[in-house]
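Computed from a prediction, not measured in an experiment: that's the story for all the values here.
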Amino acid sequence: METSYKRMKEEILQYYEELLKIAKEAEVPDADSSMQALYSQAKKIRDDKYYLLVAGEAKSGKSTFINAYLGTEILPMDVRQCTSSIVKIHYGREFCLNAVYADRRKKKVTGEKEIRNFLIMNAALDDDFRDIPVTTINNEIILEYEDKKIPSKVIEGLLEAVSRENIHNLPIGEYNDKIRDYIRKKQPHWREIVVEIDIAYPIEDENMRGVRIIDSPGVNAAGRVGDITADYIQKADAIMFLRPITGQAIEAESFKDFLESASVNRNKNAKFLVLTRRTAVSEEDIEKAYEEFVNMYGTRKTDLQHGIPKEQIITVDSKAQLYYNRFQDMSTEEIRAKMRECKKSAEPFLKEAWYDAEDDKKEFLKNLAEYSNFNVIDQSLNRFGRRAMVLALGEFLGRMQRVYEKIVKNQSDIVQNYQLKAKNPRELARKIEDTQKALNDIQDRMRDVVDKIYAKYVGSDKNGEISQRVELVMKEYTNEIEQIDGLSDTGLEDLEKLTFHYIELFDEFEDNLQKKMIAECNEKLVTLSNQNMLPFITLEPDFSEEIVQKIKEDMKSEAEETYTYKTGKSHKKKRTGIKFLREKYFILVKNSIKKRMESIKQQVINDLCSFAGHTVAAYKNELAKNENVKRNELNSIKNDKKSADEIREKIILCENLIKKAGMQEVKVKKLKAGIDSYISQ
């Protein structure tokens, strides 16, 4: 899996190693801000951790899919997991399981047999309660109230909320009685409910070692997820929603609500709908069911609802992939013996794949791969789910390109200055003097420029562009929430979605304005350096992520207070318990959120104003450092006592280095153009 991204990453890291060699030859100091930024970016790319969240309703085949995807059968597939717990799976040197209980107790389990038994005992649904929404009951009721008495109106509210999830069509009385019975039996033992399971496994496939799979609690009856799951949704690089292609109603209310919930909508990363068990139906039925799913979920595009693009709705068969994984390391004779052994019990598609292959292992594996369709999962993750990481690779190449440009320019200056020293030492001395004046002029005028930029954005009494634009966003938010109908069933959900949408806008606004301020400083530097015949590229500060982060950390120490905003478990709980006060409750919640949004707005203004001040200071400091490097370089050549022959050798070395750096820069530029084109597709 994930070979395309891995190949891309490895090629770029090879280019990076070449750059390090050239930078060493060019005597670029390790302390150079551009080099520091490169070191940091390279470490992140090497150690990248890819979070894939797998979510699904009951009987969607999550464990089988996860095992098939990882190429290793880690999770027992005959256990019908009770998805009250988060299960995290990642690479580790030894196979071990760490569990967290509802009362925060922790337990470590080692050994394949012991881990399997633990999962059977703690992650399996009781046969008596397979047809009720256990996940919802655990998360919304039992774990919420623990030892406290559960008010009858809360239970009644739950029964009403989960009524549409009676998937086995039990008589409503029997269905409700089962739920009440489950609560009575399980609440006294709430401490024994496992809420988180962390599994480390020595995965053999190195391509998969950076992948961290989060097997999430299933979609619950009200289309919501617990706060813990919502946190993981936001952290995920990609989310895969699993649903069987047959056997369940396509238009499941819980899945639609979950797909359009505030938690899922807040995630900006790739979302996929994976339709499992494709070998259970004919090709014709696959096409028909696929189109129905596309029509139902791929076209839901209202203001507050977002579907899944057609190319990210994928049909797969996890069992076919599992067989592929098992058989690929066997010889033809071993496969033949295995097929004879399971002749009667083998699935029809497996028999068909072997029969069509005519005893040819390569053809057999090809048939299984076609049945599984997992190659499409791989391609889609590389194209969409890895988007953020591919963007990071592009940014890394962009920084490498700028470093090469600096190396070429600096080496060209060195050649020119040594040639000048060899021909006319007095002319070199004059050039040093002129360069010093130009540098001083740029420094002086740059101070004035960045101060004007600061005044533009901050203004007097914080009435500059920052405040004006933030106030405009806040006004739009206020106008939109006033349009929400507090009496509607979706009023609170719409309020929540809209609020998080505007919090995202504030985050994007902060990020974009920070980049704009830095870009304006650099733009002014280009103008000033051109006027003084000094190329700005040798002076431009490299505002890496680390420098920006340092600015933000400095800001925190000056902040008087920090406001935070949390969504509401309490909101959701109260909404269930006091429906008769819906309009009043909506108004109270709306006013409370507006008040908090005002606090967030003010914090955004404060943060950006502080950022502007710290950026101005950091820019001046970085520019001063680069100025010193240039001055020292010139003085070094002036005071160099090398003979004419030594100078000629130095010039040849520099020219060879320029050629080598230039060739590598062309390769980096070409690869970056390819990645940029790939991302824009």
Taking atom CD of Glu311 as the centre, does the number of heavy atoms from other residues, nucleotides or ligands within less than 6.0 Å exceed 12?
yes

For the student: nearest non-hydrogen atoms of Leu608 and Gln514, plus distance:
CD2-CG, 4.0 Å

Verify side chain to side chain contact (heavy atoms under 4.5 Å, CB included) between Ile45 and Met389, making sure each step is shown before the conclusion.
CA-CA 8 Å; Ile45 288 169; Met389 292 184 168; over 6 Å; no

One should read off an interatomic distance between Ile605 CD1 and Arg469 CZ, to the nearest 0.5 angstrom, of 12.5 Å

Atom CG in Asp198, atom NZ in Lys88: separation rounded to 0.5 Å?
5.0 Å

For residues Cys521 and Val449, determine if any side-chain heavy atom of one lies less than 4.5 Å from a side-chain heavy atom of the other.
no

Which heavy atom of Lys406 sits nearest a heavy atom of Ser34, and at what distance?
NZ-OG, 3.8 Å

Looking only at heavy atoms, which two atoms of Tyr15 and Tyr404 are closest? And how far apart?
O-OH, 4.2 Å

Please report the C-alpha distance between Lys595 and Glu598 in whole Å, then the side-chain angles of each, then the deciding distance to 0.1 Å, and finally whether the salt bridge (Lys or Arg N to Asp or Glu O under 4.0 Å) criterion is met.
CA-CA 5 Å; Lys595 186 176 180 181; Glu598 283 288 344; over 6 Å; no

Charged N to carboxylate O below 4.0 Å: is that the case for Glu10 and Arg46?
no

Taking it one step at a time, do Ile675 and Met8 satisfy side chain to side chain contact (heavy atoms under 4.5 Å, CB included)?
CA-CA 9 Å; Ile675 287 180; Met8 199 183 299; 3.9 Å; yes

Take a 6.0 Å sphere around CD of Glu523 and say whether it holds more than 12 heavy atoms from other residues, nucleotides or ligands.
no

Note: Glu18-Lys21 ion pair, threshold 4.0 Å (strictly below):
yes

How far apart are the closest heavy atoms of Arg399 and Ala37, and which atoms are they?
NE-CB, 3.4 Å

Separation between CD (Gln411) and CD (Glu25), nearest 0.5 Å, reads 9.0 Å

Check the pair Thr499, Met597 against side chain to side chain contact (heavy atoms under 4.5 Å, CB included), reporting the backbone distance first and the verdict last.
CA-CA 8 Å; Thr499 300; Met597 285 293 284; 3.9 Å; yes

Evaluate the side-chain proximity of Lys672 to Asp676: yes if any heavy-atom separation is below 4.5 Å, no if none is.
yes

With a 4.5 Å cut-off on side-chain heavy atoms, are Leu381 and Tyr50 touching?
yes

Please report the interatomic distance CD1(Ile12) to CG(Leu397), rounded to the nearest 0.5 Å.
4.0 Å

Does this structure show an ion pair linking Glu520 with Lys456, if we count only N-O contacts that are shorter than 4.0 Å?
yes

Tell me the closest heavy-atom pair linking Glu471 and Lys601, and the distance in Å.
OE2-NZ, 3.0 Å

Indicate yes or no: at least one non-hydrogen side-chain atom of Ile518 is less than 4.5 angstrom from one of Lys515.
no

In the structure I gave you, are the side-chain heavy atoms of Leu19 and Gln664 within less than 4.5 Å of one another anywhere?
no

Residues which pass salt bridge (Lys or Arg N to Asp or Glu O under 4.0 Å) with Glu482, listed by chain and number, not counting sequence neighbours:
Lys590, Lys594

Evaluate the salt bridge (Lys or Arg N to Asp or Glu O under 4.0 Å) criterion for residues Glu465 and Lys516: first the C-alpha distance (whole Å), next the side-chain angles of each, then the deciding distance (0.1 Å), finally the verdict.
CA-CA 12 Å; Glu465 185 175 327; Lys516 187 180 176 185; 3.4 Å; yes

Between Ile466 and Phe509, which heavy-atom pair has the shortest distance, and what is it?
O-CZ, 4.2 Å

For a 4.5 angstrom cut-off between non-hydrogen side-chain atoms, does Asp215 reach Leu53?
no

Do Val28 and Ile407 make a side-chain contact, defined as non-hydrogen atoms from C-beta onward lying under 4.5 Å apart?
yes

Please list, chain by chain and in numerical order, all residues satisfying ring pair (Phe, Tyr, Trp, His ring centres under 6.0 Å) with Tyr502, sequence neighbours excluded.
Tyr477

Donor-acceptor pair, Gln312 side chain versus Lys271 backbone, under 3.5 Å?
yes

Show, in sequence, the C-alpha distance, side-chain angles and deciding distance for Leu498 and Ile484, and conclude whether the side chain to side chain contact (heavy atoms under 4.5 Å, CB included) test is met.
CA-CA 10 Å; Leu498 189 65; Ile484 296 174; 4.0 Å; yes

Heavy-atom side-chain contact between Val470 and Phe506 under 4.5 Å
yes

